[in-house]
Amino acid sequence: MLNKLNREQLLVNLNKPRIQLTKALVIATALIAGPVASDTVDTDTLYLRHCAACHGTDRLGGMGPALLPDNLSRLRKTDAEKVIRKGRPATQMMGYEAVLNDQQITALTEFMYQAPTHPLKWGETEIRASQEVVHPEGTLPDAPVFEADMMNLFLVVEIGDHHVTLLDGDKMEPIHRFPSRFALHGGPKYSPDGRYVYFGSRDGWITKYDIYNLKVVAEVRAGINMRNIAVSADGHYVMAANYLPHTLVLFDAANLDMLGLIPVDNDAGETSRVSAVYTAPPRGSFIAALKDIPEAWEITVENRKAKVRRMTTDTLLDDFFFDPGYQHLIGAARDGKHGVVIDLDTGNTAAELPLPGMPHLGSGITWEHEGRRVMATPHFRAGAISIIDMDTWQVIKTLDTEGPGFFMRSHENSRYAWADVFFGPNADKVHIIDKQTLEIVKTLQPEPGKVAAHVEFDRHGEKLLLSIWDDDGAIIVYDAETLEEEKRIPMKKPSGKYNVWNKINYEEGTSH
């Protein structure tokens, strides 16, 4: 029953009376149960009475998201307590301030952020049982239900109320808005033709969405806490990388049928979270880095079965990046002080990079500079951008910024790279870097006091979008040449924006 309700919540053509009825039932259940005595703070009873129907008796989620510490890493305790007290707009999460007292709400909040004492299991049986195929492959029309340049569409993830907006990149106007799972993470991935997009949520759900028909077509839950997903270069497969359990999971991209579950362990029986998994198109494979074991894996699929090739690394890897030819993996070491370059053919470490401040290599970009390929990366813990010669693997320049950054973006047709200052007191600023002089030429402050983050260019490199990362936020459209603001589109805490052309063609200024 919960799976069906969850599916209905995501369908584009939501039946509003049905949703209202479901919400009313949840409220009625809480009211019938009645308030718990004010001198009682039995969190187990509180949770089972007021939360389990939507979030699962084991806290693994159901109609609502999983309530586990790692799954809630993006939600501060103070904000979580506010959600319990007031509810969450545009969702079925009611407010409980009329049912629970302050002490009980605080106790429930603390309970959510404590690791459960019972073992958490999510294996083949659970994955297969979670699958919902709403519109099987081939049952929806092959022509789009709207007119636009299908290669110049953007998907904008709005984390303020868990929605996604489909944006026309020519007109810079919204086409459609639809609900998403809680806490999308790792960036959506498109099919090679741009028709389908696959979303991954922090609590393990993979959602396949048909852009042509504006419909969710299938869903499956790959894990309890998922890092990200990748789609194979031929579009046939989807792979999920999990923090919990320690697994990689392979799916058929058509209807999200599970093809295989790969335990992530070494010969000694030690297991590991997966730092990330990405597709490597020229190699016809997936590449995964492990967070707790010094290994990187290359996974190929033969006869619908995954085959793993292990590469021993000199250090534990966090996020990573590829050179344009997918010959090398450039990984950030877990110590936050350096990076390593791994030759993917031999598995050997080709170079080490001095990168203090925990580089965010997953957001790295490359471009041609004076006849050589360079890459640039921001840092989580330092106000700096490192620029690296990809022939010599030397840091050729370090740009001082007004604080640690998260995202960098550019485009092959643009002379500029954009970098935010995501962390610290200057998070409302964004730097613009001339890719030939390697200097910051302008610093913008689009909305004083509000975080400005994550740029994405249109397919031509002529316009770009920047997020004002706030519940009363907006997408700002800029002219990529003049750097002038053109318009603002109000949105609910917009985070990532993803252009179809840039993503499916692996445009050099866009993360993959």
Side-chain angles (χ1 to χ4, degrees), residues 152 169 321-328 330 332 339 341 351 353-357 359-379 382-422 426 429-446 452-466 476-486 497 499 501-503 505-512:
N152 201 25
F321 184 76
F322 297 107
D323 62 5
Y326 289 80
Q327 176 69 39
H328 297 96
I330 304 96
V341 181
L353 301 171
L355 297 173
H360 185 205
L361 288 171
S363 187
I365 60 173
T366 77
W367 66 85
E368 289 290 330
H369 176 259
E370 297 181 352
R372 303 171 74 86
R373 176 67 54 172
V374 299
M375 67 168 286
T377 179
H379 295 259
I385 293 171
S386 297
I387 302 175
I388 300 157
D389 186 313
M390 300 186 78
D391 290 332
T392 65
W393 300 114
Q394 298 295 313
V395 177
I396 60 174
K397 188 155 191 175
T398 301
L399 293 175
D400 292 328
T401 64
E402 295 199 33
F406 201 10
F407 301 105
M408 285 193 72
R409 290 292 185 270
S410 188
H411 191 281
E412 182 180 12
N413 296 331
S414 175
R415 62 185 289 192
Y416 300 114
W418 293 56
D420 58 39
V421 186
F422 194 82
N426 295 312
K429 295 180 181 179
V430 59
H431 295 304
I432 302 170
I433 301 160
D434 187 305
K435 295 193 296 188
Q436 295 312 307
T437 65
L438 306 184
E439 298 288 348
I440 295 173
V441 294
K442 193 169 187 177
T443 297
L444 301 177
Q445 190 180 29
H454 194 281
V455 160
E456 176 78 324
F457 284 74
D458 71 356
R459 66 171 294 185
H460 309 292
E462 297 173 354
K463 309 290 182 185
L464 59 92
L465 307 180
L466 173 69
I476 305 179
V477 182
Y478 287 93
D479 184 291
E481 180 61 28
T482 67
L483 311 180
E484 295 297 321
E485 178 180 328
E486 294 192 347
K497 302 157 294 298
N499 180 269
W501 173 269
N502 292 342
K503 296 293 283 186
N505 288 282
Y506 301 93
E507 163 61 42
E508 68 178 17
T510 301
S511 67
H512 303 148

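Remember, predicted model here, so these are calculated numbers, not experimental data. Residue numbers run from 1 in the order of the sequence given.
- With hydrogens and angles ignored, the 3.5 Å screen pairs no side-chain donor or acceptor of H360 with any backbone N or O of T377.
- Q436 places a side-chain N or O within donor-acceptor distance of the main-chain N or O of E368, the cut-off being under 3.5 Å.
- In this structure, V477 and L465 have side chains that are in contact, with non-hydrogen atoms separated by less than 4.5 Å.
- Closest approach of T398 and S386 over heavy atoms only: OG1-OG, 4.5 Å.
- You'll find the side chain of H379 stays beyond 4.5 Å of the side chain of T401, heavy atoms only.
- The closest donor-acceptor contact from the side chain of D389 to the backbone of Q394 lies at 3.5 Å or more, if one exists at all.
- Distance alone, capped at 3.5 Å, places no donor-acceptor pair between the N502 side chain and the T510 backbone.
- Taking CE from M390 and OG1 from T392, the interatomic distance works out to 10.5 Å, rounded to the nearest 0.5 Å.
- No side-chain heavy atom of L483 sits less than 4.5 Å from a side-chain heavy atom of L444.
- The minimum heavy-atom distance between S414 and A480, with the atom names listed, is OG-O, 4.3 Å.
- The CZ atom of F457 lies 8.0 Å from the NE2 atom of H411; values are rounded to the nearest 0.5 Å.
- T482 pairs by the side chain to side chain donor-acceptor pair (under 3.5 Å) definition with D479, not counting sequence neighbours.
- A donor-acceptor pair under 3.5 Å is formed between the side chain of D323 and the backbone N or O of H328.
- Judged purely by distance below 3.5 Å, without hydrogens or angles, the side chains of H369 and K435 never pair a donor atom with an acceptor atom.
- With a 4.5 Å cut-off on side-chain heavy atoms, L466 and E485 do not count as touching.
- When all heavy atoms of D420 and F406 are compared, the closest pair comes out as OD1-N, 2.9 Å.
- Rounding to the nearest 0.5 Å places NZ of K397 at 5.5 Å from CG of L438.
- Remark: side-chain polar atoms of N499 are not paired, donor with acceptor, to backbone N or O of D458 under 3.5 angstrom.
- Note that CD1 of I330 is 9.0 Å distant from OG1 of T366, once rounded to the nearest 0.5 Å.
- Remark: the backbone N or O of H460 is paired with a side-chain donor or acceptor of N413 at under 3.5 angstrom.
- D434 contributes a side-chain N or O that, together with a main-chain N or O of T437, makes up a donor-acceptor pair within less than 3.5 Å.
- Using modelled atom types, one side-chain atom of N152 and one backbone atom of G169 make a donor-acceptor pair closer than 3.5 Å.
- Scanning both residues, I385 and A419, for their nearest heavy atoms gives CD1-CB, 3.5 Å.
- Remark: the backbone N or O of E412 is paired with a side-chain donor or acceptor of E507 at under 3.5 angstrom.
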